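So the structure is just underneath, and the comments pick up after that.
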Amino acid sequence: VETLKANPPDVAIDPVGGPLMGKCFATMNMLGRWISLASMAGPETTIDVNLLWRKNLRLIGSTLRRRSSEEKARILAGLVRDVWPAFEARRFAPFVHKVLPITAAAEAHAILERGENRGKVVLAV
Amino acid sequence: MKAMCIDEAKCLAWRDVDDPVCHGDFDVKLRVEACALNRADLMQRAGNYAPPDGWPQWPGLECAGEVLEAPANGRFKPGDKVCALLGGGGYAEQVVVPEGMCMPIPKGFAAWEAAGIPEVYATAYLNIKLVGELKRGETFFINGGEGGLGIACIQLSSPSTCSARRSWRRWRPMRTASSARGWARTLSPTGSKTISWRR
C-alpha cells in the first residue's frame, strides 16, 4: 500500500480482491479505473464510496469467459494485431512453468492447487 | 479419440470418447498438441464450474495444435498451426472451436509455448487496453504480479501495446523495491509505469 501511495495507479487489474482491495483502491489517482476480475483472497472488502466521486473513479467488473463468441473474436483479433509482433520479435514470451504429458494431468492440477507455479502449467497431448 | 474426463470420484481419467464434429459454418477441428491449465479447471473438477452449453464436459480452456478441418473460405486451412480460446474440452486429442476463437501460432513458437497464450493474454489485453484504456504515462497496478496473468499484464502494460511502438527498445526495469509483504516493482521509464504486488 505504501508503494501505491507513492505511485497512485491510473488503471488497476485485480484478480485478488479480499480485505486489502479497499486499502489499495483508496490510493487510486484521479479518474482511475479499478478492474475487478476475481476474488482469490475473498469476496468482501471495505470501500469508502466518497472516493468514487471525489476522485472521479470507476470501479469495473470484467470477465472474458462470459462474453459472446463474437466479442471474444474481436478481442482476439486485436490481440493478434497488437501483441503478435512483440511475440514474433521475441521481445517477450509467455511464461511456462512446466510441461507435463496429458496423462499426468492430476499431477499438473496438484501444482496449481499447491500454488507452486510462476506462469503456465502446460499438458502435451 | 481420448479425452481427460472428470469421473464420478472427481478424479481425472483418460477415456475413449466420440470424436468431435464440426456443426457451424465457421467451426474448425483441431488436433490438440498441447493444452494449458487454468484455475477454473480445478473448480470444474471440484464440481463448482460447469462448462457453457455446446462445449465438451471435460476441462481445458485453451490449447494449441494443428487444423484438421476448416470451412472452405475461412481464415484457416488444414495443416495450419493455431492456438485457441475454448469454452471447454482442451484436455483431449481433438477439439472443435469457432474459427474466431483461433489465432495463428506466433512464428517460431512451439505448441507447448502457444497453448498458454489465449486465456492470460486475451484477459490482459482486454482489460488493459479495451476496458482500462491505459494510456502512455499512466501508472498501472496489477494485484498479484507473480501468476501467469500478472506476468502477461507486466509485459502488455509496457509502452508499445498501449501507445507508441518505438519506445519498446528503451523499456527496462527501473526500480525494484522489496517490502516485508513481498515485492513490488516499478517498470518502464518512457511510458506507463507498472506496479505489481505479490501477495
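Every heavy atom of this structure was used, including side-chain atoms; hydrogens, water molecules and symmetry mates were not. Throughout, a chain's letter reflects where its sequence line sits, starting with A, and its residues are numbered from 1. Keep in mind it's a predicted model, so treat the numbers as computed, not measured.
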Counting only heavy atoms closer than 4.5 Å, note whether [X] contacts chain B via side chain, backbone, both or neither.
X	answer
A:Arg65	side chain
A:Val99	side chain
A:Ile60	side chain
A:Glu113	both

Legend entry - Partner chain B: residue of A:Met21, A:Arg90, A:Glu70 with the largest heavy-atom pair count (under 4.5 Å): A:Arg90
Inset, instruction - Name the option with the most non-hydrogen atom pairs under 4.5 Å to chain B; the candidates are A:Ile111, A:Leu79, A:Leu64. - result: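 Option with the greatest count: A:Leu79.
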Identify which part of [X] has an atom lying under 4.5 Å from any heavy atom of chain A, answering side chain, backbone, both or neither.
X	value
B:Pro104	both
B:Glu33	backbone
B:Met101	both
B:Trp112	both

Legend entry - A:Glu116 atom CD, neighbour heavy-atom count above 12 within 6.0 Å: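 Enclosed: over 12 neighbouring heavy atoms sit under 6.0 Å from CD of A:Glu116.
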Inset, instruction - Determine which pairs satisfy ring pair (Phe, Tyr, Trp, His ring centres under 6.0 Å) with at least one residue from residues 50-74 of chain A, sequence neighbours left out, and list them in order. - result: none
Legend entry - All pairs passing ring pair (Phe, Tyr, Trp, His ring centres under 6.0 Å) where residues 59-101 of chain B contributes a residue, at least two apart: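 The answer is A:His109-B:Tyr91.
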Legend entry - Nearest non-hydrogen partners of B:Ala64 and B:Ala111, listed with the distance: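 In terms of heavy atoms, the two residues are closest at CB-O, 3.4 Å.
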Legend entry - Closest heavy-atom pair and its distance - B:Ala84, B:Pro118: O-CG, 3.6 Å
Identify all side-chain donor-acceptor contacts of residues 19-27 of chain B below 3.5 Å with residues at least two apart in sequence or on another chain.
from	atom 1	to	atom 2	distance (Å)
B:Asp19	OD1	B:Met1	N	2.8
B:Asp27	OD2	B:His23	N	3.0
B:Asp27	OD2	B:Gly24	N	2.9

Inset, instruction - Write out, in numerical order, the residues from residues 28-36 of chain A with a heavy atom short of 4.5 Å from a heavy atom in chain B. - result: A:Arg33, A:Trp34, A:Ile35
Legend entry - Distance-only side-chain donor-acceptor flag, A:Arg67 / A:Ser62, under 3.5 Å: yes
